[in-house]
Amino acid sequence: MIDIPTLRRGYAERRWSPAELLTMLAERMDKADPATFIARAPITALFKAAAELIARAPEPNSLPLWGIPC
């Protein structure tokens, strides 16, 4: 299970980056029942958002919801 405290700890310990997390989640979402999601953003848009986050605030957890998928 991935929850916010686990994500924040993983980022702080540099276990993964937002882009790496997106890759892991995309694989899981691709295998999930499509009815689970109301809508999914294109993966390219998510990677763009992750890159913009790193450019804006490169230090993990430096913003309240830094790297938390929405």
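Hydrogens, waters and symmetry mates play no part in the numbers below; they use all other heavy atoms, side chains included. Index from 1, following the sequence.
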Chemist: Between Ala19 and Ala50, which heavy-atom pair has the shortest distance, and what is it?
Modeler: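 Shortest heavy-atom separation between Ala19 and Ala50 comes out as N-CB, 4.3 Å.
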
Chemist: Taking only residues two or more places apart in sequence or in another chain, which ones pass salt bridge (Lys or Arg N to Asp or Glu O under 4.0 Å) with Arg56?
Modeler: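 Not a single residue meets the salt bridge (Lys or Arg N to Asp or Glu O under 4.0 Å) criterion with Arg56.
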
Chemist: Could you give all pairs that pass the salt bridge (charged side-chain N to carboxylate O under 4.0 Å, His left out) test and reach residues 57-70, with sequence neighbours left out?
Modeler: Arg14-Glu59

Chemist: Return the minimal non-hydrogen interatomic distance between Gly67 and Leu21, and the atom names on each side.
Modeler: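 Minimum heavy-atom separation between Gly67 and Leu21: O-CD2, 4.0 Å.
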
Chemist: Please tabulate, one pair per line, all N/O donor-acceptor pairs under 3.5 Å involving side-chain atoms of residues 26-46, not counting sequence neighbours.
Modeler:
unit_1, atom_1, unit_2, atom_2, d
Asp30, OD1, Arg40, NH1, 3.3
Asp30, OD1, Arg40, NH2, 3.2
Asp33, OD1, Ala35, N, 3.0
Thr36, OG1, Asp33, O, 2.8

Chemist: Answer with yes or no whether the hydrophobic clustering places Trp16 together with Leu53; edges join I, L, V, M, F, W, Y residues whose side-chain heavy atoms lie under 4.5 Å apart.
Modeler: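 In one cluster with Trp16: Leu53, yes.
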
Chemist: Mind checking salt bridge (Lys or Arg N to Asp or Glu O under 4.0 Å) for Arg9 and listing every partner two or more places apart, or none if nothing turns up?
Modeler: none

Chemist: Under the ring-ring contact (aromatic ring centres under 6.0 Å, His included) rule, what pairs show up with a residue in residues 44-70, not counting sequence neighbours?
Modeler: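 Sorted pair list: Tyr11-Trp66.
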
Chemist: Are Met24 and Leu22 linked, directly or through intermediate hydrophobic residues, by side-chain heavy-atom contacts shorter than 4.5 Å (ILVMFWY only)?
Modeler: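 No, it is not one cluster - the side chains of Leu22 and Met24 are not joined through contacts under 4.5 Å.
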
Chemist: Please list, chain by chain and in numerical order, all residues satisfying side chain to side chain donor-acceptor pair (under 3.5 Å) with Arg8, sequence neighbours excluded.
Modeler: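 None.
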
Chemist: In Å, rounded to the nearest 0.5 Å, how long is the span from CD1 of Ile68 to CG of Leu7?
Modeler: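 The CD1 atom of Ile68 sits 4.5 Å away from the CG atom of Leu7.
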
Chemist: According to salt bridge (charged side-chain N to carboxylate O under 4.0 Å, His left out), does anything in residues 60-70 pair up with another residue at least two apart or in another chain? List the pairs.
Modeler: none

Chemist: Not counting sequence neighbours, which residues clear side chain to side chain donor-acceptor pair (under 3.5 Å) with Glu52? List them please.
Modeler: none

